[in-house]
> 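First the structure, then my questions, so here it is.
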2 protein chains.
Amino acid sequence: MPYGDGMTARARSEERRAEIVRAALAVIAERGYRGASMAAVAERVGLTQQGLLHHFPTKDALLVAVLRERDRWDAVPDSRWRVDLLASLVEYNATRPGVVQTFSALLGESVTEGHPAREYFTERYTRVRAGMAAALRTEYGDRLPNGLTPERTAPLLVAVMDGLQYQWLLDPGSVDMPGAFRDFLRLLGEPVG
Amino acid sequence: MPYGDGMTARARSEERRAEIVRAALAVIAERGYRGASMAAVAERVGLTQQGLLHHFPTKDALLVAVLRERDRWDAVPDSRWRVDLLASLVEYNATRPGVVQTFSALLGESVTEGHPAREYFTERYTRVRAGMAAALRTEYGDRLPNGLTPERTAPLLVAVMDGLQYQWLLDPGSVDMPGAFRDFLRLLGEPVG
DNA sequence: ACGGTCACCTGTCGATCGGTAGGTTTCGTT
DNA sequence: AACGAAACCTACCGATCGACAGGTGACCGT
């Protein structure tokens, strides 16, 4: 049996890469993408910087892997989603400040010029808004309380989630992120169902 | 008359510093704070990096001046504010993408460890939330529609403003920031006045 | 047993970073 | 005219950045 631990070479390699991505997530949370150094990521997994470059030939390649990991981690909502599941997602996020911090830092950086994650976030938000609108429509119908449409409510939903994350990260003791998000959902009223 | 242009030496110096701060705002908008280099700011005002260091001895000192400038630029709301003035502020912001981008980038960076603007933003949001709550109370009284209190609504108001800015910066053509913000205000219902 | 691929290393590079040291010029004050 | 301070410069520093080149050893399939 190869490697003596039941792993093929390929599986072992993927495990190593996953370990690196996890370390990159942590380093980006601490210093942002521009502030994150390949050497810092390498050290965290017990490699030299050049050993790291063997797995990810450039810094951008590592970022791509990080963003891909996020896509696996939280699936984009679509019409099958229920809005109250979002509340659970926010609650779960409140237990994972590290991950939240990583992507909040990346989102903030991404609005700067030529940032490698800019296109990713632009497309992601387009998809997320569309998915949210679809979810709202299946749950509330074409008309939300207060005369809003699902399409006009979706950006607000996304904005509240993101904005609360920044306030919560800066001052966790002063902001009840899940509670505030539930407050917002209450503003939307009860679904017709 | 000194300087032949009616300016004292002190006024001339302050003008120069203001010019530098303006350049720093632009560079930070393009590259964030960590990505902004003193040399880039200096070049934009026609100085060498060392000439810039004469006016601001460290990079952090320049950042402090930038943040102070913001405090002059948009005053924190208090109980004398009216909520519909916020809509005007958002509308105004939509005409100044550069400034919005600067502070959105800074906010994103500020959640990383040891960021020099972290304390600034933490305190600022505490003040802003308190001011918003006071403004909401004078306008809506102790109870908002849907049973919310001013204190619980304020974080949502701030979150919507910030979150919409990110979506708008990433894809201005797809997000109507002022319109979406007015939609949110409509969710709050009509003030009792 | 062997050839080859994979994982990782040492060594090094040029660019850029923020910051220091120490001039020199400009200009208002006296 | 003389002085001093402010403004800005050249020159340089050590550290750090991402990345390239070229090796070495372990482990795989054959």
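If you're wondering where the values come from, they're calculated on a predicted model, not measured in any experiment. Note on naming: letters A, B, ... go to the chains in the order of the sequence lines (proteins, then strands), and numbering restarts at 1 for each one. As a basis for the values below, the full set of heavy atoms in this structure was taken, side chains included, without hydrogen atoms, waters or symmetry mates.
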> Strictly by salt bridge (charged side-chain N to carboxylate O under 4.0 Å, His left out), give each pair with a member in residues 59-68 of chain A just once, sequence neighbours left out.
none
> Hey, does the side chain of A/Tyr33 reach the backbone of A/Ser110 with a donor-acceptor pair shorter than 3.5 angstrom?
no
> Examine distances only and state if a side-chain atom of B/Ser104 and a backbone atom of B/Gln101 form a donor-acceptor pair shorter than 3.5 Å.
no
> For C/dC6, does either OP1 or OP2 sit under 4.0 Å from a side-chain N or O belonging to A/Ser13?
no
> Given atom CZ of B/Arg16 and atom C1' of D/dC8, what is their separation to the nearest angstrom?
9 Å
> Nearest whole Å is fine: how far is C/dC6 P from A/Arg17 CZ?
13 Å
> What is the distance from CZ of A/Phe56 to C1' of C/dC8, rounded to the nearest Å?
15 Å
> Where the side chain of B/Glu109 meets the backbone of B/Arg34, is there a donor-acceptor pair that is under 3.5 Å apart?
yes
> For nucleotides 11-23 of chain D, just jot down a letter per nucleotide in 5' to 3' order: B, S or -, based on protein non-hydrogen atoms under 4.0 Å.
BB----SBBB---
> Rounded to whole Å, how long is the line connecting atom NE2 of A/His55 with atom P of C/dC6?
12 Å
> Please give, in whole Å, the distance from C/dG18 P to B/Leu63 CG?
12 Å
> Hey, is the side chain of B/Thr48 poking within less than 4.0 Å of OP1 or OP2 on D/dC9, counting only N and O atoms?
yes
> Tell me what A/Leu52 touches on the nucleic acid: a base, only sugar-phosphate, or nothing, going by heavy atoms under 4.0 Å.
nothing
> Would you mind reporting whether B/Tyr140 and B/Val83 have side-chain heavy atoms less than 4.5 Å apart?
yes
> Provide, to the nearest angstrom, the distance between the NE2 atom belonging to B/His54 and the C1' atom belonging to C/dT24.
13 Å
> Quick one: do B/Asn146 and B/Leu188 satisfy side-chain contact (heavy atoms from CB on, under 4.5 Å)? Show the steps, please.
CA-CA 8 Å; B/Asn146 300 285; B/Leu188 294 181; over 6 Å; no
